Amino acid sequence: QHYEGERGAERAVRSVRANGIVQYFEGEKGAERKVRMDYPNGQVQHYEGERGAERMVRAEFPSGIVKYYEGEKGAERVVRAVRADGAVEHFEGEQGVERTVRMETASGIVQYYEGERGA
């Protein structure tokens with residue numbers, strides 16, 4: 001782990017795992033909270049919330065896709081995805097069973113979807 005701050009008030013700012021994952025932290029000593037995780041494959045996850053309740057709010061993928069999440073820690077669900085081509089996909093549903101309800105293409109076409117995921 002990497003620390004910053006005056007002696008006695010050092011706070012964790014970065015942690016590098018053996019598997020190559022790098023975690024970044026913000027906050028005072030004893031209240032550091034995870035704000036970002038970088039994965040060796042290029043994926044970057046962003047977090048918000050107090051220590052112990054950090055929830056993922058955004059994930060950026062090497063393909064150029066950016067996914068946005070809502071929900072409490074452990075129950076985050078995808079609500080929107082922006083693709084590299086500019087298309088925006090909107091989702092509804094609980095974690096793991098999110099389904100596309102609307103797609104807006106970069107050219108302005110809007111497509112609406114009904115039904116359960118995979119149906």
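Positions are given from 1 along the sequence. The model shown is predicted, which means the values in this text are computed figures rather than measured ones.
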Which value, rounded to the nearest 0.5 Å, describes the distance between R102 atom CZ and Q111 atom CD?
12.0 Å
If the condition is side chain to side chain contact (heavy atoms under 4.5 Å, CB included), which residues does A31 pass it with, not counting sequence neighbours?
none
My understanding is that only residues two or more places apart in sequence, or in another chain, count here; which of them pass side chain to side chain donor-acceptor pair (under 3.5 Å) with N19?
none
Side chain to side chain contact (heavy atoms under 4.5 Å, CB included) involving Y39 - partner list, sequence neighbours excluded
I21, M37, N41, Q43, Q45
Linking Ile, Leu, Val, Met, Phe, Trp and Tyr through side-chain heavy atoms less than 4.5 Å apart, which residues share a cluster with V22?
V16, Y24, V35
Atom pairs and distances, side-chain donor-acceptor, residues 49-57, under 3.5 Å, sequence neighbours left out:
{"unit_1": "R51", "atom_1": "NH1", "unit_2": "G30", "atom_2": "O", "d": "2.9"}
{"unit_1": "R51", "atom_1": "NH1", "unit_2": "E32", "atom_2": "OE1", "d": "3.1"}
{"unit_1": "E54", "atom_1": "OE1", "unit_2": "G52", "atom_2": "N", "d": "2.9"}
{"unit_1": "E54", "atom_1": "OE2", "unit_2": "K34", "atom_2": "N", "d": "2.9"}
{"unit_1": "R55", "atom_1": "NH1", "unit_2": "E48", "atom_2": "O", "d": "3.3"}

Where do V79 and F91 land on the side chain to side chain contact (heavy atoms under 4.5 Å, CB included) test, with the steps shown first?
CA-CA 5 Å; V79 295; F91 298 87; 5.5 Å; no
S107: which residues meet the side chain to side chain donor-acceptor pair (under 3.5 Å) condition with it, sequence neighbours left out?
T105
Cluster membership besides V101, Ile/Leu/Val/Met/Phe/Trp/Tyr side chains within less than 4.5 angstrom, sorted by chain and number, is none
Once side chain to side chain contact (heavy atoms under 4.5 Å, CB included) is applied, do any residues pair with V82, and if so which ones, sequence neighbours excluded?
Y68, R80, V88
Taking only residues two or more places apart in sequence or in another chain, which ones pass side chain to side chain contact (heavy atoms under 4.5 Å, CB included) with E60?
V44, H46, R58, V66
Suppose clustering is done on Ile, Leu, Val, Met, Phe, Trp and Tyr with side-chain heavy atoms closer than 4.5 Å. Which residues sit in the same group as M103?
Y113
How long is the straight-line distance from CD1 of I109 back to CD of E104, given to the nearest 0.5 Å?
12.0 Å
Derivation of the side chain to side chain contact (heavy atoms under 4.5 Å, CB included) call for Q23 and R14
CA-CA 6 Å; Q23 292 183 318; R14 189 171 73 243; over 6 Å; no
Point-to-point distance, once rounded to the nearest 0.5 Å, from NZ of K73 to OH of Y47
9.0 Å
Between R99 and E92, does any NZ, NE, NH1 or NH2 come within less than 4.0 Å of an OD or OE carboxylate oxygen?
yes
As an exercise, state the distance from CZ of R33 to CD of E28, rounded to the nearest 0.5 Å.
9.0 Å
So, does E76 use its side chain to make a donor-acceptor pair with the main chain of Y69 at under 3.5 Å?
no
